[in-house]
> 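Can you keep this structure in mind? I'll have questions shortly.
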Amino acid sequence: MSAKIIDGKAIAASLRQEMTEEVAQLKKEGIVPGLAVVIVGDDPASKVYVGQKEKGCAQTGIYSEKYVLPADVSEEELLVLVNKLNVDDKINGILAQLPLPKQINEKKVLYAINPAKDVDGFHPENIGKLVIGEETFLPCTPHGIMILLERAGIDLKGKEAVVVGRSNIVGKPISLMLLSKSATVTICHSKTKDLSFHTKRADVLVAAVGKPKMIKGEMIKEGAVVIDVGVNRLENGKLAGDVDFESVSVKASAITPVPGGVGPMTITMLLKNTIKAARMQA
Ligand code: NDP
């Protein structure tokens, strides 16, 4: 069997098309969604992500502002900016690009963002709402995964879902979202004994570890749906996921590639949350 490729690039492009039309309609009603992106220092990867976010905004008609602060900015100065953006009517969503430099307490900054403008979905109030199943801003990467599963026609009810990784931005929230769709969820991590025992039971396997090609074909069940969140830069400069595509794709029924799977969905979901924030604040 050869797996169906879940084409995140194509799904993200079609979602962005839908959003472009939605933003045009909102503008007719006098609502212009606005996103502020704050970047501190000059980490090359962060710069690339921020550039992609600006491009996504321009493409869909979302107003955006970028704030570039020097690497040695104080926590206080950054908090002053966040507080200013919290009450700025042009800005519906605020995003602090992570990681932040050492002198800044990341939590303090994330918690200072007005939860109504927390389009990354990282504020404890929004995470709490996710836990109890209330309407909220869903964190972008796991939200993107759920849309990929939905658009690929995968019914999660009663399925065994296994998530490898328990980070606050991917592993934990995707586990909750899979649970909310009535999957039976197992969360694995670095202390899990016999990882293969768990991954082999998965109807749906989500790998969010950060270890290139660690999930091999022999670790999965025939016909599993495999979502590869990993983005790892190899020595030869190429990107690799957490899943060994070659051996897994011959056993899986569906798989996301890297690049072109989960990655393109993350920023698309950020744009979606910004539009949602604009509607809610209007
Ligand atoms: P973190 O480093 O925060 O978390 C990694 C998780 O993997 C931890 O929970 C860790 O366990 C677990 N882990 C580490 N080694 C093993 C192992 N040998 N067996 C089982 N579990 C293990 O990573 P993130 O969640 O932030 O990201 C994961 C990957 O996804 C990265 O490659 C990242 O680049 C990518 N990513 C991609 C995004 C996209 O848009 N496509 C967005 C965000 C992330 P423990 O908790 O015990 O330490």
Side-chain angles (χ1 to χ4, degrees), residues 5-9 11-12 15-16 37 43-53 55-56 95-100 106-107 110 119-122 127 137-149 161-178 185-202 205-216 218-220 226-235 237-245 248 255-273:
I5 304 294
I6 303 177
D7 186 347
K9 210 171 156 191
I11 295 171
L15 281 169
R16 286 189 193 200
V37 181
D43 175 61
S46 294
K47 274 188 176 166
V48 171
Y49 292 136
V50 168
Q52 289 171 348
K53 287 166 190 177
K55 201 170 142 209
L95 180 149
Q97 184 64 44
L98 303 179
L100 294 170
E106 225 164 67
K107 271 192 192 168
L110 295 180
V119 284
D120 253 342
F122 292 162
I127 300 282
F137 294 114
L138 297 173
C140 300
T141 300
H143 188 191
I145 295 171
M146 294 306 284
I147 304 262
L148 287 179
L149 290 170
V162 176
V163 176
V164 190
R166 56 172 165 181
S167 71
N168 288 336
I169 63 165
V170 189
K172 278 183 204 160
I174 189 63
S175 303
L176 289 163
M177 290 180 207
L178 292 164
V185 183
T186 303
I187 308 174
C188 302
H189 45 78
S190 69
K191 310 293 181 294
T192 297
K193 287 180 190 157
D194 198 355
L195 182 64
S196 278
F197 166 80
H198 297 283
T199 56
K200 273 187 201 152
R201 293 176 25 249
L205 177 66
V206 178
V209 186
K211 298 230 152 82
K213 303 186 186 190
M214 76 166 276
I215 304 289
K216 309 280 185 207
E218 69 257 23
M219 294 169 73
I220 73 152
V226 180
I227 303 292
D228 188 354
V229 187
V231 180
N232 307 290
R233 185 71 65 184
L234 301 178
E235 274 176 14
K238 286 193 174 165
L239 282 188
D242 290 342
V243 172
D244 179 35
F245 188 87
V248 171
I255 186 167
T256 60
V258 176
V262 175
M265 295 299 286
T266 298
I267 294 174
T268 305
M269 293 302 111
L270 171 73
L271 304 173
K272 201 172 179 59
N273 275 349

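Just follow the structure's listing: the first ligand is 1, and inside any ligand the first atom is 1. Residue numbers run from 1 in the order of the sequence given.
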> Taking atom CG of Leu98 and atom CD of Glu106, what is their separation to the nearest 0.5 Å?
4.5 Å

> First locate atom CD of Gln52, then atom OG1 of Thr268, and finally report the distance between them rounded to the nearest 0.5 Å.
10.0 Å

> Quick one: NE2 on His198 to OG1 on Thr186, what's the gap to the nearest 0.5 Å?
7.0 Å

> Ligand 1: which residues have a non-hydrogen atom closer than 4.0 Å?
Thr141, Val164, Gly165, Arg166, Ser167, Ile169, Val170, His189, Ser190, Ala208, Val209, Gly210, Lys211, Met214, Val229, Gly230, Val231, Asn232, Val262, Gly263, Thr266

> About how many Å separate OG1 of Thr199 and CD1 of Ile220, when rounded to the nearest 0.5 Å?
8.5 Å

> Which atom pairs, one a donor and one an acceptor, fall under 3.5 Å between side chains of residues 142-149 and the rest of the protein, sequence neighbours left out?
none

> Check for a donor-acceptor pair, side chain of Asp242 on one end and backbone N or O of Ile215 on the other, with a separation under 3.5 Å.
no

